[in-house]
Engineer: 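Can you keep this structure in mind? I'll have questions shortly.
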Amino acid sequence: MQLHLNTPLLNSRALSQLSGSNIWLKMEALQPSGSFKIRGVGLACQTSFEQGARRFISSSGGNAGLAVAYAGRLLGVPVTVVVPETTSARARELLHLEQAEVIVHGASWQEANQFALSLRGESDAFIHPFDDPLLWRGHATMIDEVVASGVRPDAVVLSVGGGGLLSGVIEGLQRNGLNDVPVIAVETEGAASFRAATKAGRAVELERISTVSTSLGAKKVCEQAIRLAGRHPVISEVVSDEQAVRACLQFIDDHRVVTEPACGASLACVYQQRAVLAPFRHPLVIVCGGATLSAQQLHDLTVGE
Ligand SMILES: *Cc1c(COP(=O)(O)O)cnc(C)c1O
């Protein structure tokens with residue numbers, strides 16, 4: 001059983017006209033859990049279920065937790081998600097909708113995560129949000145689909161949080177013989193852990209995260225992302241929160257789909273006509289999605305500026 005959907009690949013008239021190049025959109029926002037995460041999380045959940053896991057545990061109040069909850073519901077496996085007190089009411093509600101048990105513990109994600117890890121019993125599987133080879137292998141299927149549809153992008157634009165999406169997309173490019181296709185790795189200013197790592201030449205931990213793009217808020221990217229960036233062309237790009245939010249709002253008008261600012265960061269690269277994109281004729285943008293913000297909340301973020 002495949003838990004994710006094969007998503008549409010759109011040729012964006014609005015973005016192509018704006019940028020003067022042929023912009024392809026991989027519509028991961030249309031996955032049933034609201035983001036690409038179900039690809040890797042689905043594979044990880046299914047594999048651990050086959051290996052005997054009878055409960056899935058997650059510490060993500062975001063799209064990773066939602067994907068685990070969705071996978072658990074489809075596989076008939078109970079899911080426990082431990083989230084910190086800061087997790088929004090909407091995120092908790094979405095988890096409940098997927099029939100997950102939600103435990104609120106601690107003031108920060110670190111505390112919730114520690115508690116989640118302490119709950120692990122023998123037949124439980126802890127599902128990591130970005131650092132697991134099964135996740136990367138699952139995420140890579142989005143590139144398989146693009147190639148199977150006959151499209152050969154000359155660059156891929158994607159957002160980076162912990163680097164799981166980046167690792168999966170590079171795996172997908174390499175297993176389809178697209179080793180020379182560069183990845184443009186986009187972050188917001190307050191969550192630029194990949195930028196910091198490329199500068200330092202190793203994964204470094206940011207002192208703090210300060211962004212509305214909460215799904216990009218990993219203080220440190222996974223080692224795999226650094227390793228792959230050493231043997232695949234990757235260009236780091238940084239946008240502001242404001243640009244990310246405005247891109248989300250513009251994208252609602254252009255394509256009638258709501259995304260989170262984490263996804264808006266990638267879209268902002270195109271809307272801002274960033275120089276980094278200028279050399280490419282057929283860029284593919286991963287519209288990674290995001291389910292925890294409503295259109296109204298996006299509007300409110302601009303009013304608050
Ligand atoms: C998880 C997520 C990201 C970042 O993915 P990583 O694998 O952590 O780099 C970006 N956008 C959305 C919508 C996400 O859910």
Side-chain angles (χ1 to χ4, degrees), residues 4 7 25-44 58-70 91 94-95 109 127-140 142 156-172 183-188 191-198 203 206 209 211-226 228-229 234 236-237 239 241 244-245 247-248 251 257-269 285-293 297-298:
H4 65 266
T7 52
L25 303 175
K26 188 60 173 155
M27 296 297 285
E28 292 302 299
L30 302 182
Q31 290 290 356
S33 69
S35 79
F36 72 94
K37 290 254 173 28
I38 187 58
R39 290 184 186 267
V41 164
L43 182 62
S58 166
S59 57
S60 158
N63 299 309
L66 282 171
V68 175
Y70 175 80
L94 290 171
L95 288 166
W109 175 79
I127 310 293
H128 198 279
F130 57 80
D131 196 1
D132 177 349
L134 282 172
L135 294 174
W136 311 327
R137 199 194 300 166
H139 294 341
M142 73 180 78
V156 180
V157 182
L158 54 76
S159 302
V160 179
L165 176 59
L166 176 78
S167 301
V169 164
I170 293 179
E171 183 168 332
V183 172
I184 297 163
V186 193
E187 297 171 294
T188 50
S193 49
F194 182 72
R195 167 64 61 89
T198 51
L206 298 180
I209 295 291
T211 181
V212 297
S213 309
T214 48
S215 298
L216 304 185
K219 284 187 174 171
K220 194 171 157 187
V221 291
C222 61
E223 292 292 340
Q224 176 74 351
I226 312 290
L228 288 176
V234 181
S236 161
E237 186 75 4
V239 302
D241 271 353
V245 172
C248 290
F251 194 71
V257 171
V258 179
T259 59
E260 281 180 21
C263 176
S266 283
L267 296 171
C269 245
V285 182
I286 306 297
V287 183
C288 48
T292 64
L293 277 189
Q297 285 171 309
L298 285 169

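Both counts, for ligands and for their atoms, begin at 1 and track the order of listing.
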Engineer: Can you check whether C288 has an N/O within less than 3.5 Å of an N/O in ligand 1?
Structural biologist: no
Engineer: Any idea which protein heavy atom is nearest atom 4 (C) of ligand 1, and the distance to it?
Structural biologist: G161 N, 3.6 Å
Engineer: Classify the side-chain pair S167/Q224 by whether it contains a donor and acceptor separated by less than 3.5 Å.
Structural biologist: no
Engineer: Would you say the side chain of M27 lies within less than 4.5 Å of the side chain of V257, judging by non-hydrogen atoms?
Structural biologist: yes
Engineer: Does R39 pair with E28 as a salt bridge, N-O distance under 4.0 Å?
Structural biologist: yes
Engineer: Less than 4.5 Å apart, any side-chain heavy atom of C263 and any of V287?
Structural biologist: yes
Engineer: Under 4.0 Å from any heavy atom of A262, which atoms of ligand 1 are there?
Structural biologist: 11 (N)
Engineer: Checking a contact table here: which protein heavy atom is nearest atom 5 (O) of ligand 1, and how many Å away?
Structural biologist: F36 CZ, 3.5 Å
Engineer: Could you list the atoms of ligand 1 found under 4.0 angstrom from a heavy atom of V160?
Structural biologist: 9 (O)
Engineer: For residues K219 and S193, is any side-chain donor paired with an opposing acceptor at under 3.5 Å?
Structural biologist: no
Engineer: Got H139 and E171 here, is their nearest side-chain heavy-atom distance under 4.5 Å?
Structural biologist: no
Engineer: Under 4.0 Å from a heavy atom of N63: which atoms of ligand 1 are those, numbered in the order shown and with their elements?
Structural biologist: 13 (C), 14 (C), 15 (O)
Engineer: Considering both backbone and side-chain atoms of F130, is one of its nitrogen or oxygen atoms within less than 3.5 Å of a nitrogen or oxygen in ligand 1?
Structural biologist: no
Engineer: For a side chain to side chain donor-acceptor pair (under 3.5 Å) check, start with the C-alpha distance between E260 and T292, then their side-chain angles and the critical distance, and finish with the verdict.
Structural biologist: CA-CA 7 Å; E260 281 180 21; T292 64; 2.8 Å; yes
Engineer: List the closest protein heavy-atom neighbour of atom 8 (O) of ligand 1: residue, atom name, distance to the nearest 0.1 Å.
Structural biologist: G162 N, 2.8 Å
Engineer: Which one of D241, L298, T188 satisfies the side chain to side chain contact (heavy atoms under 4.5 Å, CB included) criterion with V212?
Structural biologist: D241
Engineer: Quick one: does G289 get a heavy atom under 4.0 Å from ligand 1?
Structural biologist: yes
Engineer: Are any of the N/O atoms in G163 less than 3.5 Å from those in ligand 1?
Structural biologist: yes
Engineer: Can you confirm, on distance only, whether ligand 1 has an N/O atom lying under 3.5 Å from any N/O atom belonging to G164?
Structural biologist: yes
Engineer: Of the side chain and backbone of L216, name the one, both, or neither that has a heavy atom under 4.0 Å from an atom of ligand 1.
Structural biologist: side chain
Engineer: I need the I38 CD1 to H4 NE2 distance, nearest 0.5 Å.
Structural biologist: 9.0 Å
Engineer: So which of H139, E260, E187, K37 gets nearest to atom 2 (C) of ligand 1, if we judge by its closest heavy atom?
Structural biologist: K37
